[in-house]
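Here the structure is a predicted model, which is why all the values come from computation and not from measurement. Residue numbers count from 1 along this sequence. Atom set for the values below is all heavy atoms of this structure, side chains included, hydrogens, waters and symmetry mates excluded.
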Amino acid sequence: MTISLGIIALNEEQYLPAILDDVLAQTFPLSQIDFLLIDSISSDRTKELMDSFKDRHGEKFRTVKVLKNAGRWQADGWNVFIDNAVGDILIKVDAHSHIPNDFIEKLVAKMEDGHFDVLGGKRPVILKESTKWAEILLEAENSLFGSGIAVFRTSDKPRYVKSVFHGAYRKEVFQKAGKFNECLQRTEDNEIHWRIRKCGFQIRYEPSIISYQYVRPTLRKMLKQKFSNGYWIGRTAWICPRCLSLYHFAPFAFVFMLIESVLFATLSVGTVLLSALCLLYGCFAVVNTFLSVLKTKKFGNILLLFLFPLLHISYGIGTLLGLQPFHTKNR
C-alpha cells in the first residue's frame with residue numbers, strides 16, 4: 001500500500017521546519033510515501049524550505065514533489081494535492097501542527113484493519129513557545145466554552161462522525177465525492193465531509209490517533225482567527241447550509257441578542273433582556289473560568305473571564321458579516 005501525504009503552507013517558515021522533521025521521524029516506511037509539499041505563493045522562505053527538504057531528503061521517500069497553489073486558499077491547495085496524489089490513501093496534514101512519529105503508521109493500520117473510508121483522530125492544541133499569556137490563550141482554546149464541542153477536540157470514544165482533523169482518505173472517496181469547494185476558505189472540510197457522507201462513505205474517529213495543532217500565540221492573532229472562522233460560517237450558510245450545525249451559530253446568536261438588547265435598552269423589555277443575557281453568559285463564563293483555575297491551579301486563568309467574551313464577540317461579528325447577502329457570490 002502506498003501513501004500520498006500532503007502539506008500546504010502559506011508563509012509558514014516559522015512552523016514548517018518542525019512539521020518536516022515530524023515527517024522524517026515517522027515509523028511508517030518513508031519509501032512508501034509520496035510526499036507533496038504545496039506552496040501557496042508564500043512571501044517568506046516557505047518555498048525555499050520545501051525545495052531544500054526535497055534536495056536533502058527526497059531519496060528517502062517514494063517521491064517528493066514541490067507544487068504551486070496558484071489559488072492560495074486551502075481548498076485550492078488540497079485540490080492540487082488530490083490532482084497529483086497517486087497513493088492508495090491520501091493523508092492531509094496542516095503545516096501549523098505537530099504529528100507524533102507513529103501518526104501515519106497508526107492511521108494506515110486502522111484504515112486497513114477497519115476498512116474505513118475516511119479516518120481521523122483527536123486534535124489537542126499545544127504551544128510552540130510557553131509564556132504565561134500564551135498558556136491562558138491555550139486554556140481558552142482547550143475549553144469547551146472557548147472553542148467548541150467538535151468530537152475531535154473532546155471525545156475519548158471511537159465513533160462515526162461528521163468531520164475529522166488530519167484525515168486519511170481512500171482515493172476513491174474523492175473520485176466519487178469530488179474535490180474541495182474552492183469558494184470556501186475556512187469551512188472547506190465541513191463541506192467536503194458533508195458531500196462524502198452524502199455519497200455513502202462513513203467518517204471514522206479514533207481517539208488513539210493523536211495529532212496536535214499550535215494555538216495562536218497572541219490575542220490579536222487569535223481574535224483574527226476567530227473572526228475569520230465566524231465569517232466563513234456565515235459565507236458557508238449561503239453556499240452549503242446543510243454542512244453546518246446549530247452550534248456553529250452560537251456566537252452569532254449571542255452577538256445578535258446583545259445588539260438587539262442594546263437597541264431596545266430604552267424600553268423595559270430591552271433592559272430585562274440585556275440583564276438576563278449578561279447574567280446567563282456571565283454564569284457560563286464564571287463557571288468555566290473557575291473550573292480552569294481549579295484544574296490548572298493557575299490563578300492567572302481568571303483572565304478567561306475577559307477573554308471568553310472577546311473570542312465569542314469576534315466570532316459572532318464575523319458570522320454576522322459573513323451572512324450578508326452581498327457575500328453570496330463566488331470570489
Side-chain angles (χ1 to χ4, degrees), residues 8 10-11 40-41 69 71-79 92 94 96 123 125 137 140-141 143-153 161-165 167 178-198 213 215-216 218-264 277 281 284-285 307-331:
I8 301 170
L10 171 63
N11 296 333
S40 299
I41 317 181
N69 172 23
R72 304 200 77 187
W73 287 6
Q74 284 280 91
D76 303 82
W78 288 128
N79 286 342
K92 55 194 289 288
D94 285 358
H96 203 261
R123 188 228 68 179
V125 288
L137 294 176
E141 191 67 30
S143 166
L144 285 177
F145 191 55
S147 184
I149 60 173
V151 169
F152 60 74
R153 292 173 179 158
V161 295
K162 293 182 177 180
S163 187
V164 287
F165 180 73
K179 296 187 293 185
F180 285 81
N181 187 331
E182 295 182 357
C183 294
L184 300 175
Q185 183 176 358
R186 286 275 182 172
T187 50
E188 73 280 357
D189 281 344
N190 298 74
E191 194 274 339
I192 198 166
H193 287 150
W194 175 78
R195 272 190 285 123
I196 286 170
R197 300 195 316 273
K198 188 179 177 182
Q213 189 173 47
V215 71
R216 295 301 187 270
T218 67
L219 178 59
R220 182 183 65 83
K221 289 183 177 181
M222 183 172 281
L223 291 177
K224 182 179 178 181
Q225 178 196 31
K226 297 300 181 185
F227 175 85
S228 184
N229 288 347
Y231 175 81
W232 282 100
I233 290 297
R235 287 285 300 270
T236 305
W238 289 99
I239 297 170
C240 182
R242 287 178 290 179
C243 72
L244 301 174
S245 300
L246 286 177
Y247 75 83
H248 286 115
F249 295 92
F252 163 73
F254 171 65
V255 168
F256 182 79
M257 292 173 65
L258 195 62
I259 293 172
E260 289 292 302
S261 300
V262 171
L263 290 176
F264 291 100
L277 180 63
Y281 184 89
F284 275 106
L307 188 55
F308 283 143
L310 287 176
L311 298 179
H312 292 145
I313 289 172
S314 179
Y315 194 113
I317 291 175
T319 304
L320 181 65
L321 294 177
L323 282 169
Q324 300 306 305
F326 61 81
H327 286 309
T328 59
K329 293 182 180 180
N330 293 346
R331 290 187 261 179

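- In plain terms, the two heavy atoms of T218 and L137 that are nearest each other are C-CD1, 3.6 Å.
- Without hydrogens or angle criteria, N79 side chain to F180 main chain gives a donor-acceptor distance under 3.5 Å.
- Side chain of N181 to backbone of C183: a donor-acceptor contact under 3.5 angstrom is found.
- The OG atom of S163 sits 8.0 Å away from the CZ atom of R197 when rounded to the nearest 0.5 Å.
- In summary, K92 and D189 engage in a salt bridge, as defined by a charged side-chain N under 4.0 Å from a carboxylate O.
- Across T236 and C243, no two heavy atoms sit closer than the pair CG2-SG, 3.6 Å.
- When all heavy atoms of D76 and E182 are compared, the pair lying nearest together is OD2-OE1, 3.2 Å.
- For the pair N69 (side chain) and W73 (backbone), a donor-acceptor distance under 3.5 Å is present.
- S245 places a side-chain heavy atom less than 4.5 Å from the side chain of K162.
- Take L10 and apply the side chain to side chain contact (heavy atoms under 4.5 Å, CB included) test, not counting sequence neighbours, and it matches S40, S42, R72.
- E188 and K179 are not joined by a salt bridge, as no carboxylate oxygen comes within less than 4.0 angstrom of a charged side-chain nitrogen.
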Name every donor-acceptor pair, under 3.5 Å, that has one atom in a side chain of residues 251-258 and the other anywhere in the protein, sequence neighbours excluded.
none

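- Looking at V164 and R123, their side chains never come closer than 4.5 Å, going by heavy atoms from C-beta outward.
- The two residues W232 and L184 make their nearest non-hydrogen contact at CZ3-CA, 3.9 Å.
- Using a 4.5 Å heavy-atom threshold, the side chains of R242 and W194 count as touching.
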